[in-house]
Amino acid sequence: MKRQNMKRQDSNYPYYQEKNFSTTKELLNFCAKEYDDKVAYMFKRENRVCSVTYTQFFNEINALGTALLSEGMADRHVAVFGDNSYEWISVYHAVMASNAVLVPVDRELPPEGLTHVMNDGDVSFVFVGSNYFEKLKGILDKLPRVEKVFILDDKPVDGYSSVNQLKARGAELMSNGDRSYIDLRIDPEALTSILFTSGTTGVSKGVMLSQRNICADFSNALKNMHIHSNCLSVLPYHHAYESSMQICYLVKGRTICINESLRMFVSNMKLYKPYDILVVPLFVETIYNRIWAQAEEGGKDKMLRKLIAVSKKLRSAGLDVRRKLFKSIYSNFGGNLTRFICGGAPLKPYIAEFFDDIGIEVLTGYGITECSPLVCVNRDYFYDSYSCGIVIPECEIKIKSPDENGEGEILVRGKNVMMGYYKNPEATKEAFDGDWFLTGDIGRIDEKGRLFITGRKKNIIVLKNGKNIYPEEMEYYFAESPNIAEIIVSAVKDSEDNEAYLQAEIFPKPEVTEKIGREQVEKLIREEVNTVNDKLPNYKHIKKVTFRTEEFEKTTTKKIVRKY
């Protein structure tokens, strides 16, 4: 059976058989023995493409870890923040495979946020990218626990040692018989990482993860999905989804190509020719818009729609020729692109359907930092673009107090669920119902075991008549709008009768505004709102519309920050 015909099959299929790991140190030992001279990482340095084999990577991690132990790293909390780089990855694995605690830090945090994370996370050692060195220097006097600073690059800055200098120092110690890091025994249940949440509401909390949490997550993720030849690694490395998915590629002996900055994304796709790309929905939407914009500029949009229609008919007859029909599109992405693995936020289903139509799969899922992060994922041959897929092995989900539609808060239980919030027992207690983690997300599970997300518990609008409205549901009605780039639905109260009603704040698509003018695009959007209202009961009507001239503020994972 052809792959794309299998995708729509009616029932799930057996999990893949995969090796389980209890620590990331065990993982690194396995990869070094199993894959030896295969290329683990590719990256650019001084406009030159470099590659590192699994054996080289393993040896460099041991050298770096040995040097850090000699610096007094044992049991310390180690922060790392900076641009995506091979050095970032080296520090990540060296610390994770030790008895220290890793604290990945969002590189875009303002000074006050950075100070909060460093102090709340009890950070003693800091690895900082040279581009962020001045930001760190500006707050060092507010970080009393910080003992040592290292440069997250191949070269030192202001006398502070670089990662490469530490690796050289560690290699020398090992050549003289130092086996302190190599022989280090790791407790699978011990705290190994503190990840600070980057949610759209509230103050960030430190999520405590153990080796067992992290290993259970990536090991069981692999039982649900097939890993292709190589991938382009794009998302910020402090992001739980990115780090977990990278480990999946290491386990399978694949090559991970590092995208060092967003402005290099398109050129790096052509350079590395990836089969898979790890992304959040914003990237997929950007590529979708880019494809259609180029087609329209070249007068080929009608032809593209015709080819998609022809392709669908051929596929229904069992003939899949998408790689030939849409070859010109693939060439813009290096020629090999087969799949986006997309997480971090919901993706508009019609975009996933479009890429499926042209032969590029979009695997979406559901995860949350507190669950290491993956909980559910669509599978290559059991896929529904409207759902988040099925739960990974050794993990359970259930719906708390479901309503007449089967919707309620999503609860998760399993080896991937966090130890708790760091130094915050009150928040930890509130986050659990027995041994079930309360995600705060609202959803339902269908008869095939697939999870569908409806909204966030914190965002629910409760009307005087007792009706509940999920703003995400209302926003979804405009997902395919040709005129709306971003929309947030919220509740306001009428000043006369104090009754709540719905309002929408909308950022029109800039390209449409530029083409037809602001007045006309706003008129079209108001007509769209009226059309949606006509299809819904009165209590769900959007009664007020305001327009923005700028995008909404977003987190670093590109989620809109809700302030209502």
Looking at [X] and [Y], what are the two nearest heavy atoms and their distance?
X    : Y    : result
Y16  : H226 : CE1-N, 3.6 Å
L232 : N259 : CD1-CB, 4.0 Å
Q520 : I516 : CB-O, 3.5 Å
C376 : I397 : SG-CD1, 3.8 Å

Could you check, using the six-membered ring where one of them is a Trp, whether Y288 and F283 have ring centers closer than 6.0 angstrom?
no
Between [X] and [Y], is there a donor-acceptor pair closer than 3.5 Å when you use the side chain of the first and the backbone of the second?
X    : Y    : result
N12  : K448 : no
D357 : I308 : no
R379 : Y13  : yes
N378 : Y383 : no
T192 : Q211 : no
N213 : S210 : yes
R254 : I227 : yes
S219 : A216 : no
T513 : R518 : no
H239 : Y241 : yes

Below 4.5 Å, heavy atoms only, C-beta onward: do [X] and [Y] meet side chain to side chain?
X    : Y    : result
T338 : E361 : no
T546 : K544 : yes
R339 : I360 : no
E472 : N459 : yes

Within a radius of less than 6.0 Å around [atom1] of [X], do more than 12 heavy atoms belonging to other residues, nucleotides or ligands occur?
X    : atom1 : answer
R290 : CZ    : no
Q17  : CD    : no
K423 : NZ    : yes
Y476 : OH    : yes

Look at E108 together with K554 and state whether they make a salt bridge at an N to O cut-off of under 4.0 Å.
no
Below 4.0 angstrom, N of the basic side chain to O of the carboxylate: do K252 and E18 qualify?
yes
Identify which one of E522, E553, E505 satisfies the salt bridge (Lys or Arg N to Asp or Glu O under 4.0 Å) criterion when paired with R548.
E505
Ignoring hydrogens and angles, state whether a donor on the side chain of E370 or Y421 is under 3.5 Å from an acceptor on the partner side chain.
yes
Salt bridge (Lys or Arg N to Asp or Glu O under 4.0 Å) between R322 and D320, worked out:
CA-CA 6 Å; R322 287 171 296 171; D320 187 351; 2.6 Å; yes
Listing request: all salt bridge (charged side-chain N to carboxylate O under 4.0 Å, His left out) pairs with a residue in residues 209-227, at least two apart in sequence or in separate chains.
E189-R212
Apply salt bridge (Lys or Arg N to Asp or Glu O under 4.0 Å) to the pair D356 and K312, showing each step before the final yes or no.
CA-CA 10 Å; D356 179 65; K312 284 182 175 180; over 6 Å; no
Residues two or more places apart in sequence or in another chain: which of them pass side chain to side chain donor-acceptor pair (under 3.5 Å) with S481?
E528
Angle class for the Y422/H77 ring planes (parallel below 30°, perpendicular above 60°, tilted otherwise)?
tilted
Nearest 0.5 Å, what's the CZ-CZ distance between R107 and F81?
12.0 Å
